[in-house]
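Here the structure comes first, spelled out in C-alpha cells, and everything after it is commentary.
By convention in this document, chain letters (A, B, ...) are assigned in the order of the sequence lines, proteins followed by strands, and residues within each chain are numbered from 1. FYI, side chains are in, hydrogens and waters are out, and symmetry mates aren't considered; it's all heavy atoms of this structure.
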There are 2 protein chains.
Amino acid sequence: MLLLKELPTSKSLQRFLLRYPDADISAISDFVNLLRAASDISVALDKLLAQHHLLQGRWWVLVLLMREETQTSSPSDLAEKAGVTKATMTGFIDGLEREGLVLRLMDNDDRRKFLIRMTPAGQQKLDEVMPDYYRKVHALMSQLNQPDRDIMINSLKLLASRLDVMK
Amino acid sequence: MLLLKELPTSKSLQRFLLRYPDADISAISDFVNLLRAASDISVALDKLLAQHHLLQGRWWVLVLLMREETQTSSPSDLAEKAGVTKATMTGFIDGLEREGLVLRLMDNDDRRKFLIRMTPAGQQKLDEVMPDYYRKVHALMSQLNQPDRDIMINSLKLLASRLDVMK
DNA sequence: TGCATATTGTACGGTTCCATACTATCATCC
DNA sequence: GGATGATAGTATGGAACCGTACAATATGCA
C-alpha cells in the first residue's frame, strides 16, 4: 500500500477541480486519509514484529498454527485462512522452516499434502511476540473512547462490505 | 499488507487467553478488523486502477506531476512526496517512461538532476482514470452518514498520530 | 582555490507478494 | 479399471518495495 505524504495545496486542488469538476473533494480527502492512516498503522505493526525478527506474513502463519489443537495444518488450508495464494504460502513456510519455527511432515493419508507443524522454537517465538503485541495494541486502541471506537470499526466494516459500488 | 480472512473460533480464543491472560480481546479484534477493512479497500483501489492498466505507485506519480503547474518535477522531490525511497521512484519512472507517460529531461541548472515531465499521453491517461476514480470514491464514501464518517476519519487520524505508544 | 561534505540518481541484491503453469496424486464416473 | 478432471504443492518469472553502495555533481568553508 502506497500513499502520498503530502496533501494537495489549494492551488493545485483548484487545477484539479477545473479539469474534473465533478470531483467530490471531501470524499477524496477522507478516502486518502483513511488509507494513509491504515498504512501508517500497518507499518507500525511491521516495526513491532521486526523487533522480534518477524514479518506479518510469517507471523500470521504461526498464529494460525497455534489456533489448531494439534498445532498442525496444511499449506492450502493456511493459504486460504491467511488470504494469500498457495504459492505465497509456500514462500512463508520456506522461511519459517529455514528458521526452524515450523516443520514439513509427510501426510500418509494424502501423499500430495504436507503437514505443517509449529516447533517448540516456533511456540517460543510466539510467546515472545504475543504479549508485546497484545500490550501495544491495547495501548493504541485505548487512545480512543469506546463510542468513537465502535463507530470507527463499524464504519470501516460497512465500507469494506460495500466495495462492490466501486466496480 | 496481509490479513487473516478468518477470525478465531471461541475455542481457539480460549487457548490464547489461557496462554496470554493479559490479552485485551476487544482491542485485538478491533485492530485486526481495522487493518483488514483498510486492506480490502486498498485492493479495491488496485482493481480500479488495474482496469486502466495502472498501479498505485505509478498512478501517484502522475497525480503528483499534475499538481505541478509545469507538470514537471525531479525524482527526489517525487520520492519524498510519495513517501518512497529514491530507488523505488527510479523504478516507477522507468515504468512510466517505458509506457510513454513521462519524459526524462536534462536539468541544465544542476547536471545531477533530471526533470520528469508528464507527456500528453500521461495527461490523457489521467483524464481517463480520474473521473472514474472520483465517481467511485464518491459512491463508496456516500455509504456512510456524515457524522459517522467524520468520527471514523478523525479516529483514524488520532490513532495514526499516537503510534508512538506502540514503540 | 582546494578539499571535505552533501545531494542526485542509479545499480544491485534482497524481501514479499502475485499469476501462471507444471507435476504428482487423488477422486469420480463410465 | 482406465480415462477425466479436480486438488496439492512448487517453480518460475514478474512487480513493488527497501537498504546499501556508488559515481557524478554541487556546495560550503578554510
Exercise for review: Go through the side-chain N and O atoms of B:Arg117 and B:Gln71 and say whether any donor and acceptor fall under 3.5 Å apart.
Suggested key: no
Quick note, B:Val84 side chain, CB onward, closest among C:dC17, D:dA16, D:dC17 is D:dC17
Comparing nearest nucleotides in DNA chain C, the 5'-proximal residue of the pair B:Asp77, A:Gly91 is B:Asp77
Separation of C:dA19 atom C1' from A:Met89 atom CE, nearest Å, is 17 Å
From CZ of A:Phe92 across to P of D:dG9 the rounded distance in Å is 16 Å
Check every strand shown and say whether A:Lys113 touches a base, only sugar-phosphate, or nothing at a heavy-atom separation below 4.0 Å. sugar-phosphate
Checking C:dG9, C:dT16, C:dT20 against the side chain of A:Leu55 (C-beta onward), the nearest is C:dT16
When rounded to whole Å, the CD1 to P distance for the pair A:Ile116 and D:dT10 reads 7 Å
- In sequence, state the C-alpha distance, the side-chain angles, and the governing distance for B:Trp59 and B:Tyr133, and then conclude on ring-ring contact (aromatic ring centres under 6.0 Å, His included). CA-CA 11 Å; B:Trp59 175 61; B:Tyr133 168 69; 4.7 Å; yes
Atom CG of B:Leu78 and atom C1' of C:dT8 are separated, to the nearest Å, by 13 Å
Here the salt bridge (charged side-chain N to carboxylate O under 4.0 Å, His left out) pairs for residues 130-156 of chain A, sequence neighbours left out, are A:Asp132-A:Arg135, A:Asp132-A:Lys136, A:Arg149-B:Asp30
Side-chain N,O (A:Arg104) to OP1/OP2 (D:dA8) below 4.0 Å: no
B:Arg98 atom CZ is separated from D:dA15 atom P, nearest whole Å, by 7 Å
inquiry  = I want to check one thing: is the phosphate of D:dG9, taken as OP1 and OP2, less than 4.0 Å away from some side-chain N or O of A:Ser76?
reply    = yes
Here the distance between atom P of D:dA23 and atom NZ of B:Lys86, to the nearest Å, is 15 Å
Next on the checklist: Under 4.0 Å from OP1 or OP2 of D:dG9: is there any side-chain N or O of A:Thr90 that close?
Outcome noted: no
Checklist entry - Are there more than 12 heavy atoms of other residues, nucleotides or ligands under 6.0 Å from atom CD of A:Glu128? => result yes
Pull out every protein N or O sitting under 3.5 Å from an N or O of nucleotides 24-28 of chain C, one pair per line with the distance.
from: C:dT25; atom 1: O2; to: A:Arg112; atom 2: NH1; distance (Å): 3.4
from: C:dC26; atom 1: OP1; to: A:Arg111; atom 2: N; distance (Å): 3.0

A:Leu105 atom CG is separated from D:dA8 atom C1', nearest whole Å, by 16 Å
- request: Answer yes or no: is there a side-chain heavy-atom contact under 4.5 Å between B:Leu45 and B:Gln56?
  value: yes
A:Arg58 CZ to C:dT15 P, in whole Å, measures 8 Å
B:Ala87 has its side chain closest, among C:dT8, D:dG19, D:dC17, to D:dG19
* Among side-chain atoms of B:Ser29 and B:Ser26, is any donor-acceptor pair under 3.5 angstrom? -> no
Considering only heavy side-chain atoms of B:Phe114, the closest of C:dT10, D:dC17, C:dA19 is C:dT10
* To do: Check the side chains of A:Thr85 and A:Thr88 for a donor-acceptor pair under 3.5 angstrom, ignoring hydrogens and angles.
  => yes
